[in-house]
Every structure is written in structure tokens, then in C-alpha cells.
**Q** 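Structure below; questions to follow.
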Number of protein chains: 2
Amino acid sequence: MSEGVEWGLHCCLVLAWLDDLAPLPVGRLAEAFDLPPEYLKKQLQPLAKAGILRSEAGARGGYRLDRTPETISLMDVVTAIEGGTDPFQCTEIRKRGAGRAGAPEEFAHPCGISTAMRRAELAWRRELANQTLADLIANTPATAERRTRRFIERTA
Amino acid sequence: MSEGVEWGLHCCLVLAWLDDLAPLPVGRLAEAFDLPPEYLKKQLQPLAKAGILRSEAGARGGYRLDRTPETISLMDVVTAIEGGTDPFQCTEIRKRGAGRAGAPEEFAHPCGISTAMRRAELAWRRELANQTLADLIANTPATAERRTRRFIERTA
DNA sequence: GCGAGACTACTCGGATATATTTTGTCCGAGTTCTCAGGG
DNA sequence: CCCTGAGAACTCGGACAAAATATATCCGAGTAGTCTCGC
């Protein structure tokens with residue numbers, strides 16, 4: 001899984017904390033976590049495209065949350081950055097080689113292996129969808145929020 | 001996720017079906033699914049190293065299951081091929097940049113984002129661990145097993 | 001005819017190239033702020 | 001003093017390289033089968 005997911009989640013958390021200071025340019029966020037600014041920007045762009053962040057161009061521009069933290073699930077962020085494709089890709093190799101001669105009705109049901117993997121992924125997705133940005137805020141020490149706020153205000 | 005997982009699972013299923021014909025050389029398995037033999041071998045090697053398959057060298061050699069299908073979970077296969085590393089890697093960026101000045105006690109608890117992602121992965125792992133190779137056999141049409149058996153015996 | 005020994009064919013295991021994805025960088029379009037000039 | 005307008009600075013967005021990983025291939029070590037030669 002891309003490290004962009006970690007970056008994106010942390011940035012969303014900061015943007016939720018500091019919504020009153022929004023919009024925040026990517027450079028500030030990059031400084032807050034000591035990340036390469038240009039690459040971080042590339043990672044946040046799909047979040048804007050997905051309607052999680054809203055981008056504002058020009059001076060005093062930057063990114064801000066486009067929804068309330070309660071309506072942004074971890075699944076939303078992961079899907080936006082990683083893309084909607086399933087981690088496990090079934091290429092239907094059962095139909096190749098020896099399976100070439102199989103009757104069509106035999107393949108009416110999806111591949112058992114694919115089904116099993118899909119089930120596991122579904123459990124993963126369910127957990128991610130049940131956790132929102134607001135939950136992350138609740139489970140993060142307030143000292144971190146205050147320190148980040150001071151950091152951003154100081155470099156403003 | 002690597003396609004080797006799909007290949008490995010299908011090959012394990014075949015080896016479970018055709019245990020009486022074992023050991024099966026990689027070339028046969030590759031023909032059964034129309035896969036590149038050399039690369040498939042590379043994918044099965046970690047399964048042998050993990051104690052899921054047993055390799056036998058020399059003529060009439062090949063791979064066979066090293067345990068009963070009931071004791072081989074999908075988690076075992078996935079872990080062997082993909083490696084034990086978590087899909088989501090926490091690099092503790094909270095401690096960098098603005099977090100540099102944080103008090104040590106603040107970092108006593110693990111990162112909330114990491115915890116949330118870990119929880120989702122745990123659900124994923126639990127589902128994979130609950131499904132064994134024997135379950136896959138039960139959920140696969142017997143016609144597929146018979147056809148594969150004939151295919152292997154014909155090219156023997 | 002039977003047994004021993006060397007040879008050949010076949011298999012896995014690890015080391016070596018190629019392709020693709022991920023990671024990182026750069027330049028251009030657009031917007032806002034600033035500042036100078038005129039009314 | 002206020003308004004207008006041009007300029008400059010800053011931001012995002014997408015196109016362009018470099019590095020890392022996944023994909024694919026090749027060669028060497030070892031083992032079982034086979035064939036030949038001797039008894």
C-alpha cells in the first residue's frame with residue numbers, strides 16, 4: 001500500500017484540526033511532517049478530485065476539507081488515493097489451460113478463491129468505512145493538535 | 001497485491017485435489033493454468049520455504065502439500081508469498097516536523113491512524129485465517145477437479 | 001539371466017535481466033494581493 | 001483621500017524523469033531412472 005495513504009490521512013487530520021486557518025497550502029503541510037512538498041501535493045490531488053478536499057488557487061490559497069470530519073471515512077481516503085481497484089485481482093486463471101474445456105455453466109458461480117479473498121477484503125473495507133475522521137480526532141491527544149496549530153501559525 | 005497469490009492458491013488447490021498423483025512438477029501446474037513455468041516456480045518457492053509445500057528434487061520430483069488441507073489457511077498462503085509485512089506501513093511521521101518537539105509521553109500510545117488501519121487489517125487477516133484450503137475444496141465444483149485430473153494424467 | 005556402475009534426463013534452487021509501477025521533480029495556468037498613478 | 005489598473009507573487013494542476021519493485025528468464029546442484037557392461 002502506498003505511503004501516500006499515511007500522508008493523506010495525517011494531512012486530513014491536520015486540516016480538520018485547523019479548519020479555522022484554512023485554506024492551508026501544501027508547503028505548510030509538508031513542513032508540518034517534513035515531507036517533500038511537491039510529492040505531497042501529488043498525493044493530495046486525488047483527494048481533491050474525490051471531493052474530500054477543496055482546493056483554492058492563487059495567493060492565500062491551499063487545501064481545506066470539503067466536508068465535515070464526521071462524513072469522511074478512512075475508506076474514502078484510502079479509495080481516493082489507492083484507487084478503487086481491489087487489492088486481490090482475480091484474472092480467472094481457472095478458465096485457462098485445463099479449464100479451457102470447461103462447460104459455461106461451471107463458471108456461472110464466481111471463482112471460489114476470488115470469493116474468499118473478496119470476503120476478507122469486505123471485512124477490511126467495513127472496518128475502514130466505520131472509522132471517520134472525527135473518530136481519529138477523538139482518539140488523538142489534544143497536545144498534538146495544539147502543537148501543530150502553533151507550528152502552522154508560527155510559519156504563517 | 002501480487003498476482004503470485006492467485007497462482008499460489010490455485011496451485012495449492014490442485015495439489016490438494018491430486019495429492020495421490022504427487023509430487024507434481026511445476027511444468028505440469030503451469031500447463032494446467034497456462035502460466036509461465038519459470039516464474040510460477042519462483043512464486044511457489046516461498047510456499048515450500050514456509051512449510052506449506054514440500055519440494056522433491058530429481059526425476060519424478062515436484063511439489064506436494066506438506067500438510068493436510070484443513071491445516072492450511074488462506075492467511076498462511078498469502079503471508080508466505082506476500083511476506084509478513086503489513087500492507088499499511090506506519091512511518092511515524094507524527095514525530096517529524098512539528099512533532100519533533102513533542103513530549104515523549106505523548107508518543108506512548110501508538111499513532112491513532114496506525115491503530116485504525118491496523119484494526120482493519122486485523123479483520124482482513126481474521127477472515128483469511130478462518131478459510132482453509134479444505135473449505136475451498138468444498139466450495140468448488142467437482143467437475144473442475146475431475147477435468148484437471150484428466151488434464152494432468154493425460155500429459156503425464 | 002542378474003547385478004553393479006556410469007550416464008542421461010529431469011527437477012528444484014538461487015542468481016541474473018527486463019518491465020512496470022511507484023516515487024520524485026518540473027513547468028505552465030489561474031487567482032489574489034499589492035502598489036503606483038490618476039481623479 | 002479614494003478608486004482604478006497593471007504588475008508581481010503565490011497557489012494548484014498536470015506533464016515529465018528517476019528509482020524501486022514486480023515480473024520474467026537463465027544457469028548450476030542434486031536426484032532418480034536407464035542403459036550398458038561384466039559376471
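Chain naming here is simple, since letters A, B, ... match the order of the sequence lines and numbering starts at 1 in each.
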**Q** Using whole Å, report how far CD of Glu56(B) lies from C1' of dA29(D).
**A**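 It is 17 Å, rounded to the nearest whole Å.
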
**Q** May I have the distance from Arg64(A) (atom CZ) to dT11(D) (atom P), rounded to whole angstrom?
**A**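 Between P of dT11(D) and CZ of Arg64(A): 14 Å.
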
**Q** Taking atom types as modelled and ignoring hydrogens, do the side chains of Glu70(B) and Thr132(B) form a donor-acceptor contact shorter than 3.5 angstrom?
**A**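 There is no such pair (donor and acceptor under 3.5 Å, judged by atom type) between the side chains of Glu70(B) and Thr132(B).
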
**Q** Are Phe88(A) and Met75(A) grouped together when hydrophobic residues (ILVMFWY) are joined by side-chain heavy atoms under 4.5 angstrom apart?
**A**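 Yes; Met75(A) is reachable from Phe88(A) via cluster members.
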
**Q** What is the distance, rounded to the nearest whole Å, between atom CE of Met1(A) and atom P of dT23(C)?
**A**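 Rounded to whole Å, this separation is 12 Å.
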
**Q** Between Gln89(A) (CD) and dA22(D) (C1'), how many Å, whole number?
**A**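 It works out to 15 Å between those atoms.
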
**Q** Shared ILVMFWY cluster between Ile137(A) and Leu47(A), side chains joined below 4.5 angstrom?
**A**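 Yes, Ile137(A) and Leu47(A) fall within the same hydrophobic cluster.
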
**Q** Do other residues, nucleotides or ligands put more than 12 heavy atoms under 6.0 Å from the CZ atom of Arg54(B)?
**A**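 It does not: Arg54(B) CZ has 12 such atoms or fewer within range.
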
**Q** Want to settle it: does Tyr39(A) or Ala57(A) sit nearer the 5' end of DNA chain C, counting the closest nucleotide to each?
**A**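 Comparing both residues, the 5'-ward one is Tyr39(A).
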
**Q** Whole Å only: how far is the CD atom of Glu6(B) from the C1' atom of dA22(D)?
**A**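 Atom-to-atom, Glu6(B) to dA22(D), this comes out as 16 Å.
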
**Q** Could you pull out the protein-nucleic contacts involving nucleotides 13-16 of chain C (nitrogen or oxygen on both sides, under 3.5 Å)?
**A**
residue : atom : partner  : partner atom : Å
dG13(C) : OP1  : Ser55(B) : OG           : 2.5
dG13(C) : OP2  : Tyr63(B) : OH           : 2.6
dG13(C) : N7   : Lys41(B) : NZ           : 3.3
dG13(C) : O6   : Lys41(B) : NZ           : 2.6

**Q** Give me each pair satisfying ring-ring contact (aromatic ring centres under 6.0 Å, His included) with a member in residues 9-66 of chain A, each pair once, sequence neighbours excluded.
**A**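 Pairs touching residues 9-66 of chain A that pass the test: Trp7(A)-Tyr39(A), His10(A)-Phe33(A).
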
**Q** From CD of Glu3(A) over to P of dA19(D), roughly how many Å is that when rounded to an integer?
**A**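 It works out to 16 Å between those atoms.
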
**Q** Salt bridge check: are Asp20(A) and Arg149(A) linked by an N-O gap of less than 4.0 Å?
**A**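 Salt bridge present between Asp20(A) and Arg149(A).
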
**Q** Rounded to the nearest angstrom, tell me the gap between atom CD in Gln43(A) and atom P in dC12(D).
**A**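 So the two atoms are 15 Å apart, to the nearest Å.
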
**Q** In whole angstrom, what separates Leu29(A)'s CG from dT11(D)'s P?
**A**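 Roughly 12 Å, once rounded to whole Å.
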
